[in-house]
Amino acid sequence: MRTFLLRLSALLLAASAAAAANPTPDPALRQAFLEHAEAKYGLPASDVEAWLAKSEYRQSIVNAMSRPAERVKPWRDYRPIFISDKRIRDGQAFLARHRDALEKVEADTGVPAEMIVAIIGVETSYGGNTGSYQVLDALYTLGFFYPVSGDPAQVERETARGQFFRDELAQVMLLAREENLDLAALKGSYAGAMGYGQFMPSSYRAYARDGDGDGRRDLFGSLDDVFASVANYFVAHGWQAGEPVVALARADEGVEAFKPEGLEARYSLAELGEKGYRPAEALGHDHKATLVTLEGVDGTEHWFGFQNFYVITRYNRSPMYAMAVYQLSREIAAGTGAATAP
């Protein structure tokens, strides 16, 4: 009898551990998702049910998403991560290999070839690291089990993030059907971003383009599609061909610190001048801008960010990300191989 009880206890513990390792979605949330996927995207409940049955909870994804935010690096530490001699050389080589295709996209869209290359370089090291997580599992895990901090102030945000990932889960199911992709085989980041340019499913569906004319939008294997899609993302968010991205600024002595709300280029140069910030050199134009302040190796840097700078932040809502992409693009275009600021 004692042996039987020990075995039963072991089985119950094993079952409990298995349940904890592979939890099931809240039934009401799951039903709401099925209804949402069918009503908004026309996905039959039976198809969605079949994909949910193939989806697996991944604790590693929850861990990655719930990891305490890393210390916010100042620009002097952030910049070398993305603007290194190796990344510059690799970017120059990538541009040289694909110059004809990139220059065609630039001619068609007005987005510089080196800017497209810089995005791919920052996102995936020119395709060298596109992610190793199953996209289906990533979106399923974050959609139904988005990590909860327990902080009442974060409830609204965490709820919205779960909703976002559930919608992305529905969209990746639709995307696979639209583009004839093997959903079970798709891999990407722990957040579900995919391909050379790390597009989320919604961005893939909205902005991806067929650059090679084969009738598909393949951001995994067709660089022609990748180049056209990154450029289209910029154009769709308001890229202005031939216009500046940033300009170095100077602060008047003793000026009061100014931190704009948002990243939109909404201030005239005259308005910024009234706040004590002026172009370091004559610009020859009066485009609206925002002020970007960064802590560089040699101290505080002030920059005017124009509309095209704002467009880069639509790819990643970080001014340091946008500056890294811009400066990497400059280095790639210069062909110097030296990691110096413009």
Side-chain angles (χ1 to χ4, degrees), residues 10 12-30 32-33 36-37 48 51-74 77-78 80-82 122-125 127-173 175-176 181-204 219-220 315-318 320-321 324:
L12 290 173
L13 286 172
S16 177
N22 190 26
T24 57
D26 174 85
L29 205 59
R30 190 176 189 277
F33 173 71
H36 169 79
V48 177
W51 281 118
L52 290 179
K54 297 176 183 177
S55 305
E56 293 190 28
Y57 171 87
R58 301 291 183 184
Q59 183 63 40
S60 60
I61 291 170
V62 172
N63 293 345
M65 185 60 72
S66 59
R67 187 179 301 130
E70 296 180 4
R71 177 180 65 88
V72 177
K73 293 180 172 63
D77 297 331
Y78 184 96
I81 297 172
F82 298 105
V122 168
E123 289 291 339
T124 62
S125 294
N129 181 18
T130 58
S132 59
Y133 293 89
Q134 299 294 133
V135 171
L136 186 63
D137 291 347
L139 297 175
Y140 169 81
T141 298
L142 294 175
F144 290 105
F145 308 100
Y146 191 85
V148 176
S149 65
D151 181 355
Q154 295 297 317
V155 170
E156 184 176 349
R157 173 187 172 276
E158 291 164 356
T159 299
R161 293 299 284 167
Q163 292 172 341
F164 168 78
F165 284 110
R166 287 194 298 280
D167 187 72
E168 293 293 327
L169 176 59
Q171 293 213 48
V172 82
M173 293 177 185
L175 174 68
L181 299 172
D182 182 356
L183 178 52
L186 294 185
K187 290 188 177 182
S189 74
Y190 68 81
M194 301 172 286
Y196 276 76
Q198 293 292 277
F199 278 38
M200 292 296 289
S202 57
S203 293
Y204 199 131
L219 303 189
F220 300 91
Y315 214 99
N316 180 307
R317 288 166 170 73
S318 161
M320 288 194 293
Y321 171 93

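Everything numeric here is computed off the predicted structure, so don't read it as measured data. Residue numbers start at 1 and run along the sequence shown.
A heavy-atom distance below 4.5 Å is found between the side chains of Glu123 and Tyr315. A heavy-atom distance below 4.5 Å is found between the side chains of Met194 and Pro201. Looking only at side-chain heavy atoms (C-beta outward), Asp137 and Tyr57 stay at 4.5 Å or farther from each other. The side-chain heavy atoms of Tyr78 and Tyr321, taken from C-beta on, include a pair separated by under 4.5 Å. Contact of the Met200 side chain with the Leu139 side chain is registered, since non-hydrogen atoms from C-beta on lie closer than 4.5 Å. Residues Leu142 and Arg161 are not in side-chain contact: their nearest non-hydrogen atoms beyond the backbone lie 4.5 Å or more apart. With a 4.5 Å cut-off on side-chain heavy atoms, Leu136 and Leu186 do not count as touching. Within the 4.5 Å cutoff, no side-chain heavy atoms of Asn316 are placed close to those of Val122.
With hydrogens and angles ignored, the 3.5 Å screen pairs no side-chain donor or acceptor of Ser203 with any backbone N or O of Phe199. Between the side chain of Thr124 and the backbone N or O of Gly128, no donor-acceptor pair lies under 3.5 Å. In this structure, Thr130 contributes its side chain and Gly188 its backbone to no donor-acceptor pair below 3.5 Å.
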>> As a quick check of understanding, evaluate side chain to side chain contact (heavy atoms under 4.5 Å, CB included) for Phe165 and Tyr140, giving each step before the final call.
In response: CA-CA 8 Å; Phe165 284 110; Tyr140 169 81; over 6 Å; no
>> For a side chain to side chain contact (heavy atoms under 4.5 Å, CB included) check, start with the C-alpha distance between Ile81 and Lys73, then their side-chain angles and the critical distance, and finish with the verdict.
In response: CA-CA 11 Å; Ile81 297 172; Lys73 293 180 172 63; 3.8 Å; yes
> Would Leu169 and Leu52 satisfy side chain to side chain contact (heavy atoms under 4.5 Å, CB included), going step by step from the backbone distance to the final call?
Replying inline: CA-CA 10 Å; Leu169 176 59; Leu52 290 179; 4.1 Å; yes
> Given the rule in the side chain to side chain contact (heavy atoms under 4.5 Å, CB included) test, do Tyr133 and Lys187 qualify, once you have shown the distances and angles that lead to the verdict?
Replying inline: CA-CA 5 Å; Tyr133 293 89; Lys187 290 188 177 182; over 6 Å; no
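Between the side chains of Ser202 and Glu168, at least one donor-acceptor pair of N or O atoms lies under 3.5 Å. Donor-acceptor pairing under 3.5 Å is recorded for the side chains of Asp167 and Gln171.
Considering all non-hydrogen atoms of both residues, Val135 and Gly192 come closest at CG1-O, 4.0 Å. Among all heavy-atom pairs drawn from Gln198 and Ser189, the shortest one is OE1-CB, 3.5 Å. Nearest heavy-atom pair, Ile61 versus Ala138, reported as atom, atom and distance to 0.1 Å: CD1-CA, 3.4 Å. Phe220 approaches Gly195 most closely through the heavy-atom pair CE2-N, 3.8 Å. The heavy-atom pair separating Arg166 from Phe33 by the smallest distance is O-CE1, 3.1 Å.
Considering only residues two or more places apart in sequence or on other chains, Ala184 meets the side-chain contact (heavy atoms from CB on, under 4.5 Å) condition with Trp51, Asp182.
Interatomic distance, Met173 CE to Leu181 CG, rounded to the nearest 0.5 Å: 14.0 Å. Residue Glu56 holds its CD atom at 9.0 Å from CD of Gln134, rounded to the nearest 0.5 Å.
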Pairs of donor and acceptor atoms involving the side chains of residues 143-156, under 3.5 Å and at least two apart or interchain, shall be tabulated with distances.
residue : atom : partner : partner atom : Å
Ser149  : OG   : Asp151  : N            : 3.2
Ser149  : OG   : Glu158  : OE2          : 2.6
Asp151  : OD1  : Ala153  : N            : 3.0

